[in-house]
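Down below is the structure, laid out as C-alpha cells.
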Amino acid sequence: MKKLPQTKSSQSSTGLSGLSGLRNKRKADEEPERPAKRQKVVAPSAPKPEPVQPNIILQELHSDWCLKESTKFVSKKSFEWCTEIDSHVKNQALKSFHSSEKSIDSPAQNQKLAFETAMYYYSHPSGPLSPLVGDTVKKSWTESTLSRPESEILRHWQIQKKEWAQAFGSVFGLLLESECPYFYCLFPKFTVVFIAEGTTSCNSPTAIVTATTERLRNRLEEKEIKYVMPYASKKSLSQISKEDKEALDNEIHKLEKMVPKQVTRGVQHNSDIDETIASALVLKGATDLQKLFDFLVEYQQEGEKQRKEVSLPVLYTHTTPFIGATLKRLQVKSESYMISKDGADEEEKAVMAESKEDNNKKPRSALQGWPMRHKVEIVGPIFPDTVTRLSRLFQRTQTNFSAFFYYSKDDQMQGLNRLIAFANNSANDVDLITLKPLSKLEWSNGVYTIPK
C-alpha cells in the first residue's frame, strides 16, 4: 500500500487554518469596536477653608498685661492737643500724679491733665549701662591687674549692683504690703511680673516667670521654691530625676578619669521647652515669693560670670515710687496726613512715615478732597492701665479710633494674660481674653473690636 505524500495534507491543513484566520479577521472587521471602559476619575478634594475666627467685641476694655514698647492711636480727629500742653497743666499733673484730685476748671484742660498724668512712670536703673562698664567687668574675669580708671569703674559697678538690690527690695516690700499693685522685673532672657494680693482678683501675692530654662528651674528646685508650669505637659518635660542625674554625672566623671579626653558628655539635660511659652512658671504665696526674691538677688549678684553677661534688670512700676526709682515721662508726638480717596486703611496707611513724604511730593490740587488721618505715637513702657486710661479718654475726645501696639520682648510676653488667669483660677475670664499680646484694637459705635 502506497503512502500518500505528506506535502499535500500539510498544504490542505495550512489552507484551512488560513481560511479560518481570514474569517476571524473579516468578523472582527464587521463587528463594531467596543468602547473601552471609562475609569472613574475622582476629582481632588479642595482644601477646606479654615474657619474664620470672629472678632472679639467688648463694651469695656480690660487689662492686657503684656508690657508694650510703644503704641499708636489713629483717628479722624486731631491729636494735636496731646502735644500742646502748657506748663501749668504739666505742673498740675505732677502734683496730682498720686492724688485723687485731678480736675481743672476748663474741660479742655481737664482732658490734657488726664492725658499728661497717664504719661508718668518709675524705673530703676535710670538708664542703660555704659558699654565701658561691660568691657571692664569682663576684663576683670580674666586679668588680675587693672588700670586705675578700670578699677574705679569696677568699684562703681559694685555700688550699682548694691543700689539695684536695694531698689528691688524696696518695691518688693511695697508689693507684699499691697502698696504697689504690680511691677515688672526685666532680665535679659526672661521677665518676672509680681502682682499684689487683691490685684486682678489674686487671693495671694503672685509671680509669673516667663521663658525659663531647665537650668534655672533646677536651681529653683534646689532652693525648694515651689512653682507650677501651666503650659507644660508631662511628656514635654521628660526630666530626669535629681538622683539619676547625680548618678549619671558620677559615672561620666569616673570614665573621664579612666580614659581622659575620650569621653563626651552626650546628655546635657536640656529640655525642648526651654525659653518657650511652655516654660513659664507661676508662683503663689508670700513664702515662695520671698524665696524667689532672695534667689533673684543672688542670681544677679553672683551669676554674671557664669552667664557671661553684665547687666542690671530693669524695674518698672506705673504709679508707685520706691527707693532708687527715677520718675520718667513717656515720649509723645502727633502727626497728621492724608490717605487715598478710597479710604483703604491698611493699618490706616498711616503709621508708616513715608505716607507723609508721598503726600508732600504730590501737587496740592491732587490732594483736594482726600480724607485726613491723625495719629499720636507714645514711646516707652506702656503699662496695662495706661492702655485702658488712654482708651477711655479718647472715647470722649476722638469718638472713633484705632490703636496699634508694638513689643520689644514679645517672645517673653506670650501667654502672660492666660498665666495670670490661671493664677486667678479664672482661665475663661473675659478680662484676659487672648493668649497673644494685644496688637490692635478699634473703638467705634460704642464698642471695642479686637481682631483674633
Side-chain angles (χ1 to χ4, degrees), residues 61 67-128 163 167 170-171 174 179-184 314-337 350-351 353 356 360 372-406 408 443:
L61 186 64
L67 192 66
K68 301 155 188 63
E69 182 182 34
S70 65
T71 180
K72 295 175 183 178
F73 290 87
V74 180
S75 175
K76 295 180 181 180
K77 296 180 69 174
S78 176
F79 284 104
E80 286 186 1
W81 61 269
C82 296
T83 55
E84 296 175 350
I85 300 177
D86 57 35
S87 58
H88 172 65
V89 175
K90 290 183 178 180
N91 294 336
Q92 189 68 21
L94 279 172
K95 182 180 177 181
S96 61
F97 185 41
H98 300 292
S99 173
S100 58
E101 299 179 3
K102 297 179 181 178
S103 63
I104 305 180
D105 297 336
S106 168
Q109 295 290 74
N110 270 329
Q111 74 181 36
K112 292 182 179 181
L113 177 64
F115 178 83
E116 183 69 17
T117 305
M119 294 298 101
Y120 296 108
Y121 68 98
Y122 290 99
S123 73
H124 181 90
S126 59
E163 290 176 344
S170 172
V171 69
L174 290 169
E179 296 294 330
C180 175
Y182 65 88
F183 71 91
Y184 292 82
V314 182
L315 302 170
Y316 283 136
T317 68
H318 189 199
T319 59
T320 307
F322 55 95
I323 294 176
T326 301
L327 179 62
K328 292 188 173 184
R329 183 182 183 274
L330 300 173
Q331 301 176 25
V332 183
K333 65 177 181 180
S334 63
E335 184 181 358
S336 300
Y337 56 91
V351 283
K356 183 179 179 181
N360 291 337
M372 294 290 296
R373 288 292 182 271
H374 310 272
K375 74 173 179 179
V376 60
E377 181 179 0
I378 304 170
V379 179
I382 309 297
F383 297 90
D385 38 349
T386 304
V387 176
T388 54
R389 289 171 66 179
L390 291 178
S391 298
R392 291 168 185 166
L393 174 61
F394 293 154
Q395 288 177 27
R396 303 194 306 268
T397 64
Q398 308 305 122
T399 310
N400 299 332
F401 63 85
S402 299
F404 306 91
F405 305 100
Y406 306 90
S408 61
W443 168 262

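These numbers were taken from a predicted model, which means no experiment stands behind them.
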Evaluation steps, side-chain contact (heavy atoms from CB on, under 4.5 Å), between Phe322 and Leu315: CA-CA 10 Å; Phe322 55 95; Leu315 302 170; 4.2 Å; yes
Would you check, one step at a time, whether the test side-chain contact (heavy atoms from CB on, under 4.5 Å) holds for Gln331 with Glu377? CA-CA 8 Å; Gln331 301 176 25; Glu377 181 179 0; over 6 Å; no
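When each of Val376, Ile382, Val379, Thr386 is checked for a side chain to side chain contact (heavy atoms under 4.5 Å, CB included) with Thr71, only Ile382 meets the rule.
For the atom pair NZ of Lys333 and NZ of Lys72, the computed distance is 7.0 Å after rounding to the nearest 0.5 Å. In this structure, Tyr406 OH and Glu69 CD are separated by 11.0 Å, a value rounded to the nearest 0.5 Å. Atom OG1 of residue Thr319 and atom CG of residue Asp385 lie 6.5 Å apart, to the nearest 0.5 angstrom. With rounding to the nearest 0.5 Å, the separation of CZ in Phe394 from CD in Gln111 is 9.5 Å. Distance check: Leu113 CG to Lys95 NZ gives 11.5 Å after rounding to the nearest 0.5 Å. Glu116 contributes atom CD, which lies 10.5 Å from atom CZ of Phe97 (distance to the nearest 0.5 angstrom).
Classified by interplanar angle (parallel below 30°, tilted 30° to 60°, perpendicular above 60°), the ring pair Tyr121/Tyr316 is perpendicular. Ring geometry for Phe383 versus Tyr182: interplanar angle of 30 to 60°, hence tilted.
Phe405 approaches Lys68 most closely through the heavy-atom pair CD2-CD, 3.5 Å. Contact between Lys77 and Thr399 at its shortest, heavy atoms only, is CD-OG1, 4.0 Å. Closest approach of Ala93 to Thr117, counting heavy atoms only: CB-OG1, 3.8 Å. Looking at every heavy atom in both residues, Lys112 comes nearest to Val89 through C-CG1, 4.0 Å. Across all non-hydrogen atoms, the minimal contact from His318 to Tyr120 is CD2-O, 3.2 Å. Nearest heavy-atom pair across Ser336 and His374 is OG-ND1, 2.6 Å.
Here the side chains of Ser391 and Phe401 are in contact, with some heavy-atom distance below 4.5 Å. Taking the side chain as every heavy atom from C-beta outward, Pro321 and Leu327 never approach each other to under 4.5 Å. At a threshold of 4.5 Å between non-hydrogen side-chain atoms, the residues Ile85 and Val332 do not count as touching. Residues Met119 and Leu390 meet the side-chain proximity criterion, which asks for heavy atoms closer than 4.5 Å. Looking at Leu330 and Pro381, their side chains come closer than 4.5 Å, going by heavy atoms from C-beta outward.
For Ser170 (side chain) and Ile323 (main-chain N/O), a donor-acceptor pair under 3.5 Å exists by modelled atom type.
If you look at Phe183 and Tyr122, their ring centroids are not closer than 6.0 Å.
Contacts of Arg392 classified as salt bridge (charged side-chain N to carboxylate O under 4.0 Å, His left out), with partners at least two apart in sequence or in another chain: Glu60.
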